[in-house]
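Positions are given from 1 along the sequence.
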Amino acid sequence: MKDERTLVEGCRNKDRIAQRTLYERFAGKMFAVCQRYTRSRFEAEDVLQEAFIKVFSQIHTFRYDCPLEAWIKRVVINTAISYLRKEKAYLEQADIDNHTDAVAENETALSGIQYQQLLSLVRELPPGCQSVFNLYAIEGYQHNEIAEMLGISEGTSKSQYARAKQLLQAKMLESF
């Protein structure tokens, strides 16, 4: 079942072997995505499980207009955002007008930092900062898209990102 179309069709037909193959092929990468949005391995596992339930129940909507991995990743991200909404984790908001952006003048390069170290630092961010940082810096969404996804203003998205960078910089200087 190496062919993506065969795999998708098998999942649409509720073939357990196809479902298992799809899960095994993408679960590792998607777990890493979940970890960026949650505070613990336990929460990441919950989000991953919920996301794959959605993948299997919504596989009939996959149209082959993008890679299967990109479609699954979008489901995982949306599930993580839904999780954050349920937890009201994104409510820590600040207006960009009230934020001084000292980070732009004094940014620190991330060269030499390992993925697990960075993940650990990102997980220590306040929930609102963590979500916006992941969506903007890692997933590549624009602030207007993030604002719509999280139900916040674009200014809040920008200020949360600036605050996240500032906090990460401070944590990196403190840790290394």
Side-chain angles (χ1 to χ4, degrees), residues 26 29-55 57-58 61-63 65-67 69-110 113 115-175:
F26 296 108
K29 287 181 183 178
M30 297 308 128
F31 183 68
V33 172
C34 292
Q35 286 185 299
R36 291 194 302 258
Y37 290 90
T38 58
R39 296 233 177 257
S40 69
R41 182 176 183 86
F42 176 74
E43 288 178 340
E45 289 169 351
D46 281 352
V47 171
L48 182 69
Q49 180 179 358
E50 188 176 330
F52 269 96
I53 290 169
K54 289 179 182 179
V55 165
S57 67
Q58 297 298 313
T61 65
F62 179 64
R63 304 265 185 264
D65 55 353
C66 66
E69 182 175 344
W71 182 82
I72 292 171
K73 185 175 184 180
R74 180 69 179 188
V75 172
V76 169
I77 291 169
N78 288 337
T79 303
I81 290 170
S82 293
Y83 172 80
L84 294 174
R85 282 188 183 134
K86 287 178 194 171
E87 298 296 314
K88 298 186 190 289
Y90 66 93
L91 288 178
E92 183 186 317
Q93 299 176 0
D95 196 306
I96 189 139
D97 295 330
N98 299 329
H99 183 73
T100 58
D101 193 7
V103 178
E105 301 168 5
N106 192 15
E107 290 194 27
T108 302
L110 293 177
I113 189 169
Y115 174 77
Q116 288 301 326
Q117 292 171 313
L118 180 59
L119 178 61
S120 176
L121 294 175
V122 170
R123 280 183 159 174
E124 292 176 13
L125 291 172
C129 292
Q130 181 184 14
S131 301
V132 172
F133 181 82
N134 284 322
L135 290 168
Y136 187 81
I138 298 174
E139 308 299 346
Y141 290 101
Q142 298 301 311
H143 287 293
N144 61 335
E145 297 170 306
I146 295 167
E148 186 177 320
M149 292 166 108
L150 297 179
I152 59 176
S153 72
E154 188 172 338
T156 298
S157 177
K158 290 177 181 178
S159 69
Q160 290 289 342
Y161 179 67
R163 184 165 179 235
K165 290 192 314 184
Q166 187 176 36
L167 290 170
L168 282 173
Q169 180 181 17
K171 287 178 184 293
M172 286 174 25
L173 291 173
E174 188 178 290
S175 297

Quick one: are [X] and [Y] in side-chain contact, heavy atoms under 4.5 Å?
| X | Y | value |
| --- | --- | --- |
| T156 | V132 | no |
| S131 | I81 | no |
| W71 | T61 | yes |
| Y83 | E50 | no |

Any chance you could measure [X], atom [atom1], to [Y], atom [atom2], to the nearest 0.5 Å?
| X | Y | atom1 | atom2 | result |
| --- | --- | --- | --- | --- |
| T38 | D46 | OG1 | CG | 9.0 Å |
| I72 | I77 | CD1 | CD1 | 12.5 Å |
| E43 | Y37 | CD | OH | 14.5 Å |
| Q169 | M172 | CD | CE | 7.0 Å |
| L135 | H143 | CG | NE2 | 10.5 Å |
| C34 | Q49 | SG | CD | 11.0 Å |

Worksheet item: Does the side chain to side chain contact (heavy atoms under 4.5 Å, CB included) test come out yes or no for Q130 and R36, once each step is laid out?
Response: CA-CA 8 Å; Q130 181 184 14; R36 291 194 302 258; 5.9 Å; no

Worksheet entry | Closest non-hydrogen atom pair, Y161 against A137 | CE1-CB, 3.9 Å

Fill in: salt bridge (Lys or Arg N to Asp or Glu O under 4.0 Å) pairs, two or more places apart, involving residues 119-135
E124-K171

Discussion item. Holding to ring pair (Phe, Tyr, Trp, His ring centres under 6.0 Å), I want the full list of residues that pass it with F26, two or more places apart in sequence or in another chain.
Written reply: none

Worksheet item: Between E154 and K158, is the closest basic N to carboxylate O distance under 4.0 Å?
Response: yes

Worksheet item: Testing T79, V76, N134 for side chain to side chain contact (heavy atoms under 4.5 Å, CB included) with V33, which one passes?
Response: V76

Discussion item. Does atom CD (E45) have a neighbourhood of more than 12 heavy atoms from anything else shown, all under 6.0 Å?
Written reply: yes

Worksheet item: How about Q58: does its CD atom have over 12 heavy atoms from other parts shown lying under 6.0 Å from it?
Response: yes

Worksheet item: Of all residues at least two apart in sequence or in a different chain, which pass the side chain to side chain donor-acceptor pair (under 3.5 Å) check with R39?
Response: none

Worksheet item: Q160 side chain to S157 main-chain N or O, any donor-acceptor pair under 3.5 Å?
Response: no

